[in-house]
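Everything below concerns the one structure shown next.
Note that this is a predicted model, so its numbers are computed, not measured.
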Amino acid sequence: MMNIYDITVKDVKGEDVSLSRYKGKVLMVVNTATHCGFTPQYEGLQELYDRFHDNGLEILDFPCNQFGRQTPESDSEIDSFCSLNYHTSFPRFAKIDVNGSDESPLYTYLKGKKGGLLGNKIRWNFTKFLIDREGNVVERYGPKTEPSEIEDDIRRLVEETQHIVIRV
């Protein structure tokens, strides 16, 4: 039976990255866009990353141009835009499709584990999936869910298997 750690994705340089690299981490996987009304969520994502990264959180950013063509740039331009405008430091990957015949196997897997209001379709940018340290997809959040609204769920997951002090 396949799990998330069996999936390989491309980084911003086009190199293969096995998600097994993130075994034992709490993951948030999010499809993003650079010219979307939700783009300012990058700030909140970075705040979560700053707060919980040392305790095992990884935020995996997958730019997507399927919704209103709101991410027309190249992978390197997207990376520069996010670094310069939102000071993001979490891992960013190559642009992908999250729906349709060319959708990433990662999103086929995620949607199969946690469907949404439209069944298995991702309806817009900044849909977020939260995955526990064992690789279980525990929650799916819609684009309107601000990163700060997910903080308690992340805190619970990072503390479940680790008795640590969270930086505030």
Side-chain angles (χ1 to χ4, degrees), residues 2-34 38-64 71 75-76 78-98 103-114 122 125-143 145-168:
M2 185 171 114
N3 67 52
I4 195 164
Y5 304 124
D6 296 327
I7 299 170
T8 298
V9 295
K10 298 277 187 195
D11 67 13
V12 294
K13 295 178 181 172
E15 301 292 323
D16 285 343
V17 175
S18 171
L19 293 181
S20 65
R21 167 187 295 187
Y22 299 104
K23 269 187 178 176
K25 303 283 187 177
V26 172
L27 303 177
M28 180 186 295
V29 176
V30 56
N31 65 300
T32 60
T34 52
F38 298 118
T39 300
Q41 285 189 20
Y42 271 120
E43 289 176 13
L45 291 170
Q46 184 62 44
E47 288 172 10
L48 289 175
Y49 190 71
D50 290 342
R51 184 165 295 132
F52 294 105
H53 179 255
D54 290 345
N55 302 107
L57 174 69
E58 290 289 349
I59 296 175
L60 308 182
D61 177 358
F62 290 90
C64 177
T71 313
D75 292 333
S76 63
I78 293 166
D79 195 43
S80 293
F81 171 86
C82 294
S83 297
L84 292 171
N85 293 295
Y86 294 100
H87 310 289
T88 58
S89 59
F90 45 82
R92 184 165 301 102
F93 296 86
K95 198 178 339 183
I96 62 167
D97 283 353
V98 298
E103 81 182 25
S104 165
L106 172 61
Y107 272 80
T108 302
Y109 178 81
L110 293 171
K111 295 184 304 182
K113 296 295 180 185
K114 286 287 180 188
I122 300 294
N125 303 308
F126 289 88
T127 297
K128 303 154 204 75
F129 290 88
L130 192 59
I131 298 139
D132 70 14
R133 292 182 190 274
E134 289 78 44
N136 301 305
V137 183
V138 296
E139 194 58 71
R140 175 179 174 159
Y141 307 91
T145 303
E146 291 289 333
S148 61
E149 297 174 61
I150 304 170
E151 183 171 346
D152 288 342
D153 292 343
I154 292 170
R155 182 182 314 279
R156 179 179 47 78
L157 289 177
V158 299
E159 290 178 347
E160 271 180 2
T161 56
Q162 198 175 9
H163 297 292
I164 39 92
V165 176
I166 305 297
R167 294 184 311 172
V168 283

Please determine if R51 and E47 form a salt bridge, counting it only when a charged side-chain N lies under 4.0 Å from a carboxylate O. no
Side-chain heavy atoms of L106 within contact of F129, under 4.5 Å: no
Taking A33's backbone N and O only, do any of them form a donor-acceptor pair with N125's side chain (distance below 3.5 Å, no angle check)? no
What residues, two or more places apart in sequence or in another chain, satisfy side-chain contact (heavy atoms from CB on, under 4.5 Å) together with N85? F81
Where does the angle between the aromatic ring planes of F90 and Y49 fall among parallel (under 30°), tilted (30 to 60°) and perpendicular (over 60°)? perpendicular
Can D153 and Y141 be counted as having a side-chain donor-acceptor contact under 3.5 angstrom? yes
Could you tell me the separation between the CG atom of D152 and the CG atom of L157, rounded to the nearest 0.5 Å? 11.0 Å
For a quick test of reading the model, state the closest non-hydrogen atom pair linking T71 to T34 and the distance between them. OG1-N, 3.5 Å
Extract all donor-acceptor atom pairs below 3.5 Å that involve side chains of residues 18-31 and protein atoms in other chains or at least two apart in sequence.
residue	atom	partner	partner atom	Å
S18	OG	S20	N	3.1
S18	OG	S20	OG	2.7
N31	OD1	T127	N	3.1
N31	ND2	W124	O	3.2

Drop me the distance from L45's CG to L57's CG, to the nearest 0.5 angstrom. 9.5 Å
Quick check: closest heavy atoms across I4 and G135, and the distance to 0.1 Å? CG2-O, 3.9 Å
Apply side-chain contact (heavy atoms from CB on, under 4.5 Å) to E43 and list each qualifying residue two or more places apart in sequence or on a separate chain. Y86
Check the pair L48 / H53 against side-chain contact (heavy atoms from CB on, under 4.5 Å), numbers first and verdict last. CA-CA 8 Å; L48 289 175; H53 179 255; over 6 Å; no
Closest approach of Y109 to N3 (non-hydrogen atoms, all atoms of both residues): OH-CA, 3.7 Å
Which pairs pass salt bridge (charged side-chain N to carboxylate O under 4.0 Å, His left out) with one or both residues in residues 10-20, sequence neighbours excluded? K10-D16
Scanning both residues in full, the closest heavy-atom pair of V12 with F93 reads CG1-O, 3.7 Å
Is the closest side-chain heavy-atom distance between K95 and F62 below 4.5 Å? no
Cut-off 3.5 Å, side chains only: do Q46 and S89 have a donor facing an acceptor? yes
In chain order, what residues pass the salt bridge (charged side-chain N to carboxylate O under 4.0 Å, His left out) check against D61, with sequence neighbours excluded? R92
Closest non-hydrogen atom pair, G44 against P147: C-CB, 3.5 Å
By salt bridge (charged side-chain N to carboxylate O under 4.0 Å, His left out), E58 pairs with (sequence neighbours left out) none
Donor-acceptor check, side chain of Q41 to backbone of F38, threshold 3.5 angstrom: yes or no? no
Below 30° counts as parallel, above 60° as perpendicular, anything between as tilted: where do the rings of Y42 and F126 land? perpendicular
How long is the span from the CG atom in D132 to the CZ atom in R156, to the nearest 0.5 Å? 9.0 Å
Are the side chains of N55 and R155 in contact, using a 4.5 Å heavy-atom criterion? no
So, the side chain of N136 versus the backbone of V138: is there a donor-acceptor pair under 3.5 Å, distance only? no
Minimum heavy-atom separation for V98 and E103, please, with both atom names. O-OE1, 3.3 Å
So do T8 and V17 actually touch side chain to side chain, heavy atoms under 4.5 Å? no
Determine, for K128 against E139, whether the closest basic-nitrogen to carboxylate-oxygen distance falls under 4.0 angstrom. no
